[in-house]
Amino acid sequence: MSPKFLRIAVVLGLLSAIGPFAIDMYLPALPSIGADLHAGTAAVQMSLLIFFLSMGFGQIIVGPISDMVGRKLPLYGGLALFMIGGIGSAMAPTIEWLIAFRFLQGLGASAGMAIPRAIVRDLHTGNEAAKLMSLLMLVFSVSPILAPLTGSQIIENFGWRAVFWTVTGAAVLATILLATSLKETRPVEDRAGSSFATALSGYRFLMGDRNFLGLVAIAGFGIASFFVYLSSSSFILIDHYGLSPSVYSVFFSINAVAFIGMSQLTGLLAERFGLRRVVRVAVTGYATTMVVLFAVMATGIDRLDVMAALLFVGYGFLGLVIPTTSVLAMEEHGEIAGTASALMGTLHFAIGALAMGVAGVFFDGTPLPMVAGITLCAVISFTLAKVTLGRSREAVEAPAE
């Protein structure tokens with residue numbers, strides 16, 4: 001692996017991680033935010049949901065812009081908006097102000113979600129893209145491992161507002177890395193035919209591409225299952241099971257370790273079996289594991305160790321699904337990579353936000369509604385994979401895709 005390849009993966013991973021960092025780091029603070037701002041559980045969860053929505057739908061705009069003006073300028077703008085939202089969140093006097101600034105922060109984070117995928121497609125396709133995407137996921141996944149642990153320590157020592165000052169500092173670091181370590185990958189000559197009109201045309205084309213939509217939806221419901229876990233886990237693990245914020249952070253990080261570890265096998269498995277077959281096997285394993293977990297919890301076995309073990313296995317399988325489907329979906333759309341990445345990200349977050357909203361309606365403080373939501377998303381992802389990646393497609397796929 002060349003140093004340049006690794007450097008690009010690190011920079012893109014850190015840019016992608018800024019948004020999730022602003023989620024994962026403040027998860028342990030959700031109960032204390034509610035207490036400090038005199039807000040109910042639903043209002044506090046809204047500060048999480050609004051961030052997801054703005055980060056998702058902001059990609060619809062920033063993706064085509066990156067096709068028109070290049071990749072770096074929209075990244076600078078997104079990071080600046082993220083910093084404004086972070087400072088406002090740190091100083092918010094009420095839950096309403098927190099929700100408003102989290103909306104701005106999410107808009108800024110949308111650039112870091114959409115554009116790095118487009119940069120991967122600018123540089124590579126096939127297995128090389130899968131390898132770069134898996135490395136990006138490695139750096140990206142540092143967030144769910146370190147952010148909750150760091151966040152819990154900051155919250156215990158300095159209060160929840162310090163979390164937002166910290167993520168603002170992370171955005172400053174990302175801006176420096178962007179300026180010094182990443183070259184423009186969308187040259188001027190490639191931007192000539194790009195405009196909002198062509199973006200609209202591209203969106204219409206992509207919305208009619210059943211293979212693209214199927215691949216995006218497979219990953220979307222996989223990600224949605226994790227969003228359901230994000231929105232409910234701190235209340236369940238801290239309030240229901242009695243874990244401290246620090247222990248909760250460790251528990252949360254264990255699942256990220258499974259996700260990261262398996263995602264690093266993407267390139268190796270793709271070379272041997274082909275990307276499509278990897279997706280088929282991974283979604284089957286994920287859905288099976290989650291169905292087992294739901295069956296166990298539905299019988300009345302309310303045990304944290306059982307839930308932890310099965311979530312660990314399940315999120316390991318999910319670690320193979322996300323990078324592979326992203327590469328496959330972008331494979332044939334290099335000329336509109338920014339637009340395709342934007343639509344992919346928006347659909348991912350729209351599905352995730354919908355799942356979070358539905359799960360919130362059924363939230364009762366116990367694990368079963370959360371597990372039911374995760375399982376339903378996993379089963380839908382499995383069903384979509386059966387339809388999108390049928391055996392006829394698999395049979396014609398070259399192993400060294």
Side-chain angles (χ1 to χ4, degrees), residues 19-58 85-86 88-90 92-107 109-110 113 143-144 147-148 151-152 154-155 159-161 163-164 167 220-221 223-245 248-249 251-252 255 307 311 348-377:
F21 195 65
I23 298 168
D24 302 331
M25 198 170 182
Y26 101 128
L27 286 177
L30 293 180
S32 60
I33 289 174
D36 186 41
L37 298 182
H38 308 290
T41 299
V44 176
Q45 286 182 323
M46 179 57 68
S47 71
L48 181 63
L49 177 60
I50 200 69
F51 185 91
F52 277 114
L53 287 172
S54 61
M55 185 163 62
F57 285 99
S89 296
T94 65
I95 191 64
E96 290 79 14
W97 277 107
L98 178 62
I99 291 171
F101 280 112
R102 287 288 281 173
F103 177 81
L104 286 180
Q105 195 179 37
L107 284 180
S110 67
M113 298 302 297
S143 174
S152 64
I154 291 173
I155 293 162
W160 64 267
R161 295 179 187 274
V163 167
F164 293 104
V167 297
F221 279 97
I223 293 171
S225 69
F226 191 65
F227 284 3
V228 171
Y229 178 73
L230 280 176
S231 65
S232 302
S233 61
S234 61
F235 296 101
I236 290 171
L237 298 180
I238 294 174
D239 295 337
H240 180 73
Y241 286 114
L243 302 185
S244 68
Y248 161 74
S249 300
F251 184 95
F252 187 88
N255 293 325
M307 184 170 71
L311 284 175
H348 284 173
F349 279 88
I351 295 169
L354 176 63
M356 286 172 59
V358 173
V361 171
F362 294 97
F363 180 79
D364 63 0
T366 68
L368 189 58
M370 179 187 75
V371 171
I374 293 172
T375 303
L376 179 59
C377 289

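Taking every heavy atom of both residues into account, Leu37 and Pro93 meet most closely at CD2-O, 3.7 Å. Between Ala43 and Ala39, the shortest heavy-atom distance links the atoms CB-CB, 4.1 Å. Looking at every heavy atom in both residues, Val167 comes nearest to Phe21 through CG1-CD2, 3.5 Å. Summarising the geometry of Val44 relative to Ile95, their closest heavy-atom pair is CA-CD1, 4.3 Å, with the distance given to 0.1 Å. The nearest pair of heavy atoms linking Ser232 to Phe363 is OG-CD1, 3.9 Å. Across all non-hydrogen atoms, the minimal contact from Ala109 to Gly19 is CB-CA, 3.7 Å.
Residues forming a side chain to side chain contact (heavy atoms under 4.5 Å, CB included) with Leu311 (at least two apart in sequence, or on another chain): Tyr229, Asn255, Met290, Leu293, Met307, Tyr315, Ile374.
Separating the CE atom in Met370 from the OG atom in Ser225 is a distance of 11.0 Å, to the nearest 0.5 Å. With values rounded to the nearest 0.5 angstrom, Asp36 atom CG is found 5.5 Å from Arg161 atom CZ. Put simply, CG on Leu237 and OH on Tyr248 are 6.5 Å apart, with the number rounded to the nearest 0.5 Å. In this structure, Ile33 CD1 and Gln45 CD are separated by 12.0 Å, a value rounded to the nearest 0.5 Å. To the nearest 0.5 Å, atom OG of residue Ser47 and atom CG of residue Leu30 are 6.0 Å apart. Remark: Trp97 CH2 to Thr94 OG1 distance equals 7.5 Å, nearest 0.5 Å.
Sorted by first and then second residue, the side-chain hydrogen bond (donor to acceptor under 3.5 Å, both in side chains) pairs involving residues 354-364 (not counting sequence neighbours) are Asp364-Thr366.
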Show me the side-chain donor-acceptor pairs of residues 98-105 shorter than 3.5 Å, one per line, residues at least two apart or across chains.
{"from": "Arg102", "atom 1": "NH1", "to": "Ala22", "atom 2": "O", "distance (Å)": "3.1"}
{"from": "Arg102", "atom 1": "NH1", "to": "Gln105", "atom 2": "OE1", "distance (Å)": "2.8"}
{"from": "Arg102", "atom 1": "NH2", "to": "Ala22", "atom 2": "O", "distance (Å)": "3.3"}

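For the pair Ser110 and Phe57, the minimum side-chain heavy-atom distance is 4.5 Å or more. Using a 4.5 Å heavy-atom threshold, the side chains of Phe227 and Ile351 count as separate.
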